[in-house]
Every structure is written in structure tokens, then in C-alpha cells.
Amino acid sequence: MSQISQRPGQLQAFDKLLTIMDELREQCPWDRKQTLESLRHLTIEETFELSDAILDNNLEEIKKELGDILLHIVFYAKIGSEKGAFDMATVIDSLCEKLIRRHPHIYGDVRADDEDAVKQNWEKIKLQEKGNVSVLGGVPKSLPALIKAMRIQEKARGVGFDWEEKHQVWEKVEEEMQEFKEEFNAATEASIDKEKATAEFGDLLFSLINYARFIDINPEEALERTNLKFIKRFQYLEQAAKATGKSLDQMSLEEMDVYWEEAKKLGK
């Protein structure tokens, strides 16, 4: 476990990082070459690596990945200062101002007694700041569809557009399931209208994500946990097959099912 520093130690560490960044930008050929654009994809990669560490609940890796992301933030600020656009101080000052402005229940006379009230205030203030025509205008277009659905729903909730009771949300899930079933009945071999079935499946997913949000389940995290569980079981299946001298394509589905059930039992 890392030693936890007091404020003077934290400030000293941050100052050291800024000094190192100055030296690298001046002396290192790779660091000198980087631009805002060249760092972008690396930052995205680092963010996903942090996400992996959080899912694994690996505190040591979380610490390392946070350091990598902090490096990128300092790097961007350094490049911004070279362009005369912004530096680390103005980035932090802007953040502090935003946090104070969006927490009027702490730094002003607005009352917010619960989490929902805080979120609603946040979204209203953000809408005023950005001058968006739509509440949903702040949702990045490039977000993955599942995460985008979550953010759309959260922002709509932030202005009071939401279901009142969870049974209402579940009824919507069942309604969408029925509509999808009508477009794609698994009990028949009849051809389907793929365009309509795709639309109905999208509606079903959206309603399931909405229900998950309503009962405080993060659907992105839930799906990723299932992904990891499947990978672990499938890799057990591959190893078990290899131990018998076979590859998966040489095994019947019934044979594979035996090892799959073993993997499930081991996972429990």
C-alpha cells in the first residue's frame, strides 16, 4: 500500500511532475514530437486500461493507470501553454470555477437534499453554460451506443423526464419484448423484415438499459462482467479440449457442453 501524503507532499509531487514534463518536452525526441492529435488515441487507450483495472478491483493497477492519465493531462496542458491557449493553472482554475458554479447547494443558497436534486441542478446549470438548444446536446456523438443510451436517459432524468415507479419501466420492457417477438418469432421459420426487427431490438435494448439505470445497475459494467465471465469459461473449454488432444472444431457441441458446465461450476 502506498504511503498517503498530506497536502504539502501532494503539491510537491505535482510540482515535480510538471518539472519532469518540461524537461521531457525539451529534451526527449519522442515527447517533443507529440501533438494534441497524436496523443488522443493513446489517451483513449489509457482510459480503457483504467476501466479494466477498476473492473478487476486492482488498486495497485488503478494507481498506475491514474498516473498515466494524469501524465496525459499534464502533457496536453504543456502543449496548450506552448500554443498560448491554456496551461495547467488555467485548466485547474477553470475546473474549480465549474465545480463551484455547479454546486450551488454547497457554495450558494440553493437547496439540494438528495442525489437526484444535485443531478438536476447540475444538468440545468450545464445547459445554461453551454447554451445547448437541447438537453441532449451535450452527449458526445462518438460514445459507444450502450453508454450513449445511459447518458441520454440520465440527462432526460436530470430535467424530470423519467418514469415514477420501477414497475412502469419493467412493463415497458415487456411491451418492447412483445413487439420484438412479433417481428421475429423464434418459433417459426418465416422470413423477417430485418429493418423493422432491428428497430424493435433497439427499442428493447434501450428499455432494458433504462430499467437497469432505474434500479441502479450500470448496464455497461453488467455487460462487461458477463463478457469477462464468458471469456474465462471459454478459455477453460479451450484448455480442457487441448488436454484431450483435440481442438474445439474437432469436438461435438455435446462434448463442449460437458466442459462448459465444469467451467460454470468452477466459477461459482
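Note on Ile54 and Leu70: same hydrophobic cluster, where clusters join Ile, Leu, Val, Met, Phe, Trp and Tyr whose side-chain heavy atoms are under 4.5 Å apart, directly or indirectly. Placement of Trp260 and Leu228 in two distinct hydrophobic clusters is found when ILVMFWY residues are connected by side-chain heavy-atom separations under 4.5 Å, directly or transitively. Using a 4.5 Å cut-off between side-chain heavy atoms of Ile, Leu, Val, Met, Phe, Trp and Tyr, with links allowed through other members, Leu253 and Leu248 fall into the same hydrophobic cluster. Under a hydrophobic clustering in which Ile, Leu, Val, Met, Phe, Trp and Tyr are joined whenever their side-chain heavy atoms come within less than 4.5 Å, directly or via other members, Leu24 and Ile69 fall into the same cluster. Hydrophobic cluster membership is shared by Trp163 and Trp170, with clusters built from Ile, Leu, Val, Met, Phe, Trp and Tyr side chains linked at under 4.5 angstrom.
Taking CD of Glu200 as the reference point, atom CE of Met177 lies at 12.0 Å (rounded to 0.5 Å). Atom CG of residue Asp114 and atom NE2 of residue His105 lie 10.5 Å apart, to the nearest 0.5 angstrom. Leu208 contributes atom CG, which lies 11.5 Å from atom CG of Leu223 (distance to the nearest 0.5 angstrom). Distance CG/Asp31 to CG/Asp22: 11.5 Å, rounded to 0.5 Å. Of the inter-residue distances, the one linking Glu195 atom CD with Glu183 atom CD reads 11.0 Å to the nearest 0.5 angstrom. With rounding to the nearest 0.5 Å, the separation of CZ in Phe75 from CG in Leu42 is 9.5 Å.
A donor-acceptor contact shorter than 3.5 Å is absent between the side chain of Glu179 and the backbone of Leu204. Formation of a donor-acceptor pair under 3.5 Å by the Thr198 side chain with backbone atoms of Lys194 is found in this model. Side-chain atoms of Glu261 never come within 3.5 Å of backbone atoms of Val258 as a donor-acceptor pair (strictly under, hydrogens ignored). The main-chain N or O of Thr35 is found under 3.5 Å from a side-chain atom of Ser38 such that the two form a donor-acceptor pair. Remark: the backbone N or O of Glu220 is paired with a side-chain donor or acceptor of Asn218 at under 3.5 angstrom. Of the possible polar contacts, one joining the Arg25 side chain to the Arg32 backbone as a donor-acceptor pair under 3.5 Å is found. Judged purely by atom type and a 3.5 angstrom limit, Thr47 uses its side chain to pair as donor or acceptor with the backbone of Thr43. Judged by distance alone, the side chain of Lys148 and the main-chain N or O of Lys141 form a donor-acceptor pair under 3.5 Å. Proximity of a side-chain donor or acceptor of Glu221 to a complementary backbone N or O of Ile217 within less than 3.5 Å is not detected. Side chain of Gln239 to backbone of Tyr236: no donor-acceptor contact under 3.5 angstrom is found.
Between Glu255 and Lys246 a salt bridge is recorded (basic side-chain N to carboxylate O distance below 4.0 Å). The residues Glu262 and Lys265 are annotated as not salt-bridged, no charged nitrogen and carboxylate oxygen being separated by less than 4.0 angstrom. By the 4.0 Å N-to-carboxylate-O rule, Glu176 lies close enough to Lys172 to be salt-bridged with it. Remark: Arg157 engages Asp116 in a salt bridge, criterion side-chain N to carboxylate O under 4.0 Å. Between Arg213 and Asp162 there is a salt bridge, since a side-chain N of the basic residue sits under 4.0 Å from a carboxylate O of the acidic one. A salt bridge links Lys119 with Glu115: the distance from a Lys NZ or Arg NE/NH1/NH2 to an Asp or Glu carboxylate oxygen falls below 4.0 Å.
The side-chain contact (heavy atoms from CB on, under 4.5 Å) test with Trp122 is passed by exactly one of Gln120, Lys124, Lys126: Lys126. Among Glu61, Glu65, Glu60, the one residue that satisfies the side-chain contact (heavy atoms from CB on, under 4.5 Å) test with Lys63 is Glu60.
Minimum heavy-atom separation, Ile79 to Gln34: CD1-O, 3.9 Å. For the pair Leu99 and His103, the tightest heavy-atom approach, listed with the atom from each and the gap, is O-ND1, 2.7 Å. Nearest heavy atoms, Ser207 versus Val173: O-CG2, 3.5 Å. Between Leu237 and Met256, the shortest heavy-atom contact is CD1-O, 3.4 Å. Nearest heavy-atom pair across Leu136 and Ala156 is CD2-N, 4.4 Å. Considering all non-hydrogen atoms of both residues, Met251 and Ala241 come closest at SD-CB, 3.3 Å.
A heavy-atom distance below 4.5 Å is found between the side chains of Leu146 and Pro219. Counting heavy atoms from C-beta outward, Asn121 and Arg102 have side chains that stay 4.5 Å or more apart. Counting heavy atoms from C-beta on, the side chains of Met150 and Gln153 never come closer than 4.5 Å.
Annotation for Arg101: atom CZ counts as buried by contact number, over 12 foreign heavy atoms lying within 6.0 Å. Counting non-hydrogen atoms of neighbouring residues, nucleotides and ligands closer than 6.0 angstrom, the CZ atom of Arg111 reaches no more than 12 such neighbours. The environment of Gln10 atom CD is dense: over 12 non-hydrogen atoms of other residues, nucleotides or ligands sit within 6.0 angstrom. Annotation: Gln250, atom CD; neighbour count of heavy atoms from other residues, nucleotides and ligands within 6.0 Å is above 12. More than 12 non-hydrogen atoms from other residues, nucleotides or ligands lie less than 6.0 angstrom from CD of Glu82.
Ring geometry for Phe201 against Phe180 counts as tilted: the plane angle lies between 30° and 60°, on a 0 to 90° scale.
Counted by atom type alone, Glu224 and Asn227 present one or more donor-acceptor pairs between their side chains at under 3.5 Å. Looking only at atom types and distance, the side chain of Thr90 has a donor-acceptor partner in the side chain of Asp87 under 3.5 Å away.
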Report task. Evaluate the criterion side chain to side chain contact (heavy atoms under 4.5 Å, CB included) for residue pair Met88 and Ile73; output intermediate values, then yes/no. Result -> CA-CA 8 Å; Met88 200 69 248; Ile73 293 171; 3.9 Å; yes
Report task. Please lay out, stage by stage, how Glu37 and Arg40 fare under the test salt bridge (Lys or Arg N to Asp or Glu O under 4.0 Å). Result -> CA-CA 5 Å; Glu37 293 76 16; Arg40 175 181 171 275; over 6 Å; no
Report task. Might you work through the side chain to side chain contact (heavy atoms under 4.5 Å, CB included) test for Ile92 and Phe14, ending with a clear yes or no? Result -> CA-CA 12 Å; Ile92 294 174; Phe14 192 61; 4.0 Å; yes
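Through direct or indirect side-chain contacts shorter than 4.5 Å among Ile, Leu, Val, Met, Phe, Trp and Tyr, Tyr107 is connected to Ile100, Ile106.
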